[in-house]
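Heavy-atom basis, side chains included; hydrogens, waters and symmetry copies ignored. The shown structure was predicted, so the numbers you read here are calculated from the model rather than taken from an experiment. Both ligands and their constituent atoms are indexed starting at 1 by order of listing. This chain uses plain numbering: 1 for the first residue, then up along the sequence.
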Amino acid sequence: MEGRLQIFSGNANRALAQEICAHLNVNLGRAVVGMFKNGETRIKIEENVRGSDVFVVQPTCTPVNHHLMELLLLIDALRRASAARVTAVVPYYGYAKQEKKTTGREPISAKVVANMITVAGADRVLTMDLHAPAIEGFFDIPVDHLQAGPILAEYFSAMSLLDPVVVSPDAGGVGRANAFRERIGASLAIIAKQRPTPDAVEILEMVGEIEGKTAIIVDDMISTGGTLAQAAQALRDRGAREVYACSTHGIFADHALTIVGESVLVETVVTNTIPQESGQNYGRVKVISVAPLFAEAILRIHKDLSLSALFHE
Ligand code: R5P
């Protein structure tokens with residue numbers, strides 16, 4: 001790609017955007033990302049982007065609708081300002097939980113969001129650990145889908161935990177947990193859960209050897225914290241020596257931090273795809289940065305280099 005590399009950010013996670021810029025040795029693009037008095041989002045790009053290869057960093061985390069709108073309007077503004085290419089960098093892709101109809105008369109929200117990003121004018125998308133990999137297929141533009149697994153696995157490998165078992169907290173996460181297990185050399189266990197209501201969790205059954213082992217629950221997101229807290233308790237009840245957890249996206253909705261903090265979990269590791277309170281460690285939640293990985297991916301996209309090495313590291 002010939003144009004200059006420029007990075008812009010909405011208000012969702014400026015700290016991550018700044019960190020990515022620092023790795024790439026570029027300044028964060030100047031833009032007003034504010035609000036009119038009537039509550040509408042106001043965008044103004046304040047530097048020349050004509051012919052540039054532009055990346056917009058904006059996870060669609062809480063407040064989701066607001067951050068999504070900032071992303072869409074940033075993309076539109078950049079297109080109209082003649083950027084040569086616009087990549088939507090969405091480290092956390094919101095609205096991913098409704099990616100299929102489970103009963104009648106429901107939307108497929110993840111598809112609606114994909115349409116909106118495309119129609120706004122994005123040429124490509126760079127994201128991480130989509131809740132359902134099929135969401136990639138909702139786009140007819142290229143999607144580069146990074147994984148936090150290798151970074152999280154490296155952290156746990158360095159801890160040299162005694163007799164580790166990696167636990168998937170639901171059937172949908174088995175592939176992710178198995179890849180993690182292979183990386184750190186552990187056994188695998190699987191929990192079957194059900195949701196009596198959308199934000200409640202009920203552990204039904206568990207498969208795998210737990211007694212005397214150190215359990216690491218691997219999940220893609222922590223929302224209410226119910227899944228983690230209940231899975232951790234069920235693991236201790238089955239004789240786990242200690243229980244750890246890791247998750248790419250720390251949403252921590254509602255009282256999730258308290259729920260996780262009061263659980264039997266020894267430590268919970270998340271990344272900074274979504275901004276975390278102090279940006280560093282707090283309580284028993286440890287935050288690991290994905291900025292170096294995003295910076296490398298952005299550089300490779302800009303230079304038309306392969307990204308596959310990043311997916312399998
Ligand atoms: C479920 O499919 C996901 O992988 C997570 O386990 C879930 O979204 C976590 O939600 P919560 O923290 O509200 O239990």
Which atoms of ligand 1 have any heavy atom of V201 under 4.0 Å away? 14 (O)

Identify the heavy atoms of D163 and K213 that sit nearest to each other, and give their distance. O-CB, 3.2 Å

For the student: nearest non-hydrogen atoms of T224 and I259, plus distance: O-CD1, 3.5 Å

Enumerate the atoms of ligand 1 whose separation from the nearest heavy atom of G226 is less than 4.0 angstrom. 12 (O), 14 (O)

Would you call K97 and D220 a salt bridge, using N to O less than 4.0 angstrom? no

Show the numbers, then the answer: is there a side chain to side chain donor-acceptor pair (under 3.5 Å) between H23 and E19? CA-CA 6 Å; H23 279 280; E19 220 183 308; 4.6 Å; no

Where the side chain of R236 meets the backbone of A232, is there a donor-acceptor pair that is under 3.5 Å apart? no

Under the side chain to side chain donor-acceptor pair (under 3.5 Å) criterion, do N65 and Y95 qualify, and how do the steps go? CA-CA 9 Å; N65 295 349; Y95 277 113; 2.4 Å; yes

Below 4.0 Å from ligand 1: does a non-hydrogen atom of P169 turn up there or not? no

One residue to check: K193. Relative to ligand 1, which of side chain, backbone, both or neither has a non-hydrogen atom less than 4.0 Å away? side chain

I need the atoms of ligand 1 closer than 4.0 Å to a non-hydrogen atom of H131, numbered in the order shown. 1 (C), 2 (O), 3 (C), 4 (O)

Note: ligand 1 atoms sitting under 4.0 Å from heavy atoms of D219 are 3 (C), 4 (O), 5 (C), 6 (O)

How far is atom 8 (O) of ligand 1 from the closest protein heavy atom, and which atom is that? K97 NZ, 2.8 Å

Which residue and non-hydrogen atom of the protein lie closest to atom 1 (C) of ligand 1, and at what distance in Å? D170 OD2, 3.4 Å

Can you tell me the protein heavy atom closest to atom 9 (C) of ligand 1 and the distance? M221 O, 3.5 Å

Using a strict cut-off of less than 4.0 Å between a Lys/Arg side-chain nitrogen and an Asp/Glu carboxylate oxygen, indicate whether R124 and D144 qualify as a salt bridge. yes

Any idea which of V260, T224, T227, D220 brings a heavy atom closest to atom 4 (O) of ligand 1? D220

How far is atom 10 (O) of ligand 1 from its nearest protein heavy atom, and which residue and atom name does that atom have? R195 NH2, 3.1 Å

Hey, mind stepping through V90 and Q58 against side chain to side chain contact (heavy atoms under 4.5 Å, CB included) and telling me if it holds? CA-CA 5 Å; V90 190; Q58 178 86 333; over 6 Å; no

Has ligand 1 got any nitrogen or oxygen that is less than 3.5 angstrom from a nitrogen or oxygen of I222? no

